[in-house]
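Everything on this sheet refers to the single structure shown next.
Since we're looking at a predicted model, the values are computed, not measured.
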Amino acid sequence: MKEDIIFNLKQVHDRIENACKLSGRDVFDVQLLLATKTVPAERIRIAIEAGENLIGENKMQEFRDKDSELKDLKIERHFIGHLQTNKVKDVLKYVSCIQSLDRLGLAEELHKQLQKENRNLDVFIQVNTSFEESKFGLEPSKVISFIKEIRKYDTLKIKGLMTIGLLDVEKEKMRPSLRLLREIRDEIYDAKIDGITNLKLSMGMSQDLELAIAEGSNMVRIGTSIFGNRFLGKEIWNENIAE
């Protein structure tokens, strides 16, 4: 198991490096996030001890259940799934970033709890760039107005945009949904919203990381290519199981 994970990590880093070379980008501009949904703590430990330090979970319960086994490791944790407002207090115990902010009610609840804790939180705005009903996220046309709305919550530090692109057997059908996130970021810059600069793009998974990097991704969320396929017989693009 250990040898497989270490080998897979090298393969993924090689893919990232090659994609950066082809796109004329600096490899240090692309961060690897380990998508660890359903991955046992002992397997995550192998990857962390091999040099990784960033993990993302879709469920608060998984952070809680794995915490005792991983608490001795230096790990940065992001929440990358759909977050219910009644789970905000619990998830904030574990994470430094929410990548799935997609509605005002969630922003309000996060702000309320963060004020109680006297802390700030990094957030990414989730955008549904593939326009699929199976996915959460803002409509692209509503992103700028949403950002303007949540700027009033000074505990939320907007660091970037996140999307789960269209997954298809034909790669060129996948690319427009990734390109759209970059275009939305450019539109945000053109809008000159006070305090909104240097936005990162979180996009790209095992199937499309090269396309995502070519379109400007700064963070790829990889699970299957490192830990193996955990969703046999299910559609991986459904956000309830997406990585």
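- In Lys192, the NZ atom is not crowded: 12 or fewer heavy atoms of neighbouring residues, nucleotides or ligands sit closer than 6.0 Å.
- Remark: the backbone N or O of Leu211 is not paired with any side-chain donor or acceptor of Arg175 at under 3.5 angstrom.
- The distance from atom CG of Leu73 to atom CD1 of Ile48, rounded to the nearest 0.5 Å, is 6.5 Å.
- Linking ILVMFWY residues whenever their side-chain heavy atoms come closer than 4.5 Å, directly or via other members, places Phe131 and Ile164 in the same cluster.
- Within the 4.5 Å cutoff, side-chain heavy atoms of Cys97 are placed close to those of Phe124.
- In the hydrophobic clustering of ILVMFWY residues, with side-chain heavy atoms under 4.5 Å counting as a link, Leu104 and Ile196 come out together.
- Nearest heavy atom pair, residue Leu92 against residue Arg119, reads O-NH1, 2.8 Å.
- For Tyr189, the OH atom is densely surrounded, since the number of other residues' heavy atoms within 6.0 Å is greater than 12.
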Decide yes or no on side-chain contact (heavy atoms from CB on, under 4.5 Å) for Arg15 and Leu209, but give the supporting numbers first.
CA-CA 8 Å; Arg15 288 176 64 187; Leu209 76 84; 3.5 Å; yes
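- Remark: side-chain polar atoms of Ser23 are not paired, donor with acceptor, to backbone N or O of Cys20 under 3.5 angstrom.
- Side-chain contact between Gln61 and Lys87 is present, with heavy atoms from C-beta onward closer than 4.5 Å.
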For Val123 and Lys159, run side-chain contact (heavy atoms from CB on, under 4.5 Å): C-alpha distance rounded to whole Å, both residues' side-chain angles, the deciding distance at 0.1 Å, then the answer.
CA-CA 6 Å; Val123 296; Lys159 296 298 183 180; over 6 Å; no
After noting the C-alpha distance and the side-chain angles of Asp90 and Arg64, does the key distance pass the side-chain contact (heavy atoms from CB on, under 4.5 Å) rule?
CA-CA 9 Å; Asp90 291 328; Arg64 181 194 61 204; over 6 Å; no
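- The closest donor-acceptor contact from the side chain of Lys2 to the backbone of Ala47 lies at 3.5 Å or more, if one exists at all.
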Test Arg221 against Ser202 for side-chain hydrogen bond (donor to acceptor under 3.5 Å, both in side chains), laying out the working first.
CA-CA 8 Å; Arg221 309 182 305 273; Ser202 173; 3.0 Å; yes
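- Asn18 has its side chain out of reach of Glu210: every pair of non-hydrogen atoms, C-beta onward, lies at least 4.5 Å apart.
- Between Ile98 and Leu110, the closest heavy-atom pair is CG1-CD2, 4.4 Å.
- Residues Phe227 and Leu34 meet the side-chain proximity criterion, which asks for heavy atoms closer than 4.5 Å.
- When all heavy atoms of Asn218 and Leu199 are compared, the pair lying nearest together is OD1-O, 4.2 Å.
- Atom CD of Glu183 sits about 10.5 Å away from atom OG1 of Thr129, to the nearest 0.5 Å.
- Ionic pairing of Asp29 and Arg25 is present here: one or more N-O contacts between side-chain nitrogen and carboxylate oxygen are shorter than 4.0 angstrom.
- Without hydrogens or angle criteria, Thr36 side chain to Gly56 main chain gives a donor-acceptor distance under 3.5 Å.
- Residues in residues 57-80 take part in no ring-ring contact (aromatic ring centres under 6.0 Å, His included) pair, two or more places apart or across chains.
- Leu166 is not connected to Met205 by any chain of hydrophobic side-chain contacts under 4.5 Å among Ile, Leu, Val, Met, Phe, Trp and Tyr, and they are in different clusters.
- One hydrophobic cluster holds both Met1 and Ile222 under the rule that ILVMFWY side chains link at heavy-atom gaps under 4.5 Å.
- Between His111 and Tyr153, the two ring planes are tilted [angle within 30° to 60°].
- For residues 194-207, every residue pair satisfying the salt bridge (charged side-chain N to carboxylate O under 4.0 Å, His left out) rule, not counting sequence neighbours, is listed here: Arg151-Asp194.
- Between Lys21 and Glu17, at least one side-chain N (NZ, or NE/NH1/NH2) sits under 4.0 Å from a carboxylate O, which counts as a salt bridge.
- For the pair Leu181 and Glu215, the minimum side-chain heavy-atom distance is 4.5 Å or more.
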Test side-chain hydrogen bond (donor to acceptor under 3.5 Å, both in side chains) on Glu109 and Gln113 and set out the steps.
CA-CA 6 Å; Glu109 189 62 30; Gln113 187 60 37; over 6 Å; no
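- A distance of 13.5 Å separates NZ in Lys112 from CD in Glu117, rounded to the nearest 0.5 Å.
- Contact annotation: the side chain of Val220 never approaches that of Leu33 to less than 4.5 Å [non-hydrogen atoms, C-beta and beyond].
- Considering all non-hydrogen atoms of both residues, Thr85 and Leu106 come closest at CG2-CA, 4.0 Å.
- Rounded to the nearest 0.5 Å, atoms CD (Glu52) and CD1 (Ile5) are 11.5 Å apart.
- Of the possible donor and acceptor atoms, one in the side chain of Ser217 sits under 3.5 Å from a partner among the backbone N and O of Met219.
- Between Asp102 and Leu138, the shortest heavy-atom contact is O-CD2, 3.4 Å.
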Stepwise side-chain contact (heavy atoms from CB on, under 4.5 Å) test for Leu121 and Thr155
CA-CA 6 Å; Leu121 181 76; Thr155 60; over 6 Å; no
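- Not one N or O on the side chain of Ser225 forms a donor-acceptor pair closer than 3.5 Å with the backbone of Val12.
- Within a 6.0 Å sphere centred on NZ of Lys157, other residues, nucleotides and ligands contribute more than 12 heavy atoms.
- Closest non-hydrogen pair, Pro176 versus Glu172, comes out as CD-O, 3.3 Å.
- Using a 4.5 Å heavy-atom threshold, the side chains of Asp122 and Ile158 count as separate.
- Side-chain atoms of Asn128 come within 3.5 Å of backbone N or O of Glu132 as a donor-acceptor pair.
- At distances below 3.5 Å, not a single donor-acceptor pair connects side-chain atoms of Lys148 with backbone N or O atoms of Val143.
- When the options Lys66, Arg77, Lys37 are evaluated for a salt bridge (Lys or Arg N to Asp or Glu O under 4.0 Å) with Glu57, the one that passes is Lys66.
- Under the 4.0 Å criterion applied to side-chain N and carboxylate O atoms, Glu69 and Arg45 are not assigned as salt-bridge partners.
- The closest side-chain heavy-atom distance from Thr163 to Gln126 is not below 4.5 Å.
- No chain of hydrophobic side-chain contacts below 4.5 Å, direct or via other Ile, Leu, Val, Met, Phe, Trp or Tyr residues, connects Phe7 to Ile46.
- Listed for the Lys135 side chain is no donor-acceptor partner under 3.5 Å among the backbone atoms of Ser130.
- Salt-bridge check for Glu62 with Lys59: failed, with every basic side-chain N at 4.0 Å or more from each acidic carboxylate O.
- By the neighbour-count criterion of 12 heavy atoms within 6.0 Å, atom CG of Asn118 is sparsely surrounded, having that number or fewer from other residues, nucleotides or ligands.
- In this structure, Leu180 CG and Ile184 CD1 are separated by 4.0 Å, a value rounded to the nearest 0.5 Å.
- Although no hydrogens or angles enter the test, the distance criterion places no donor-acceptor pair under 3.5 Å between the side chain of Asn53 and the main chain of Ile75.
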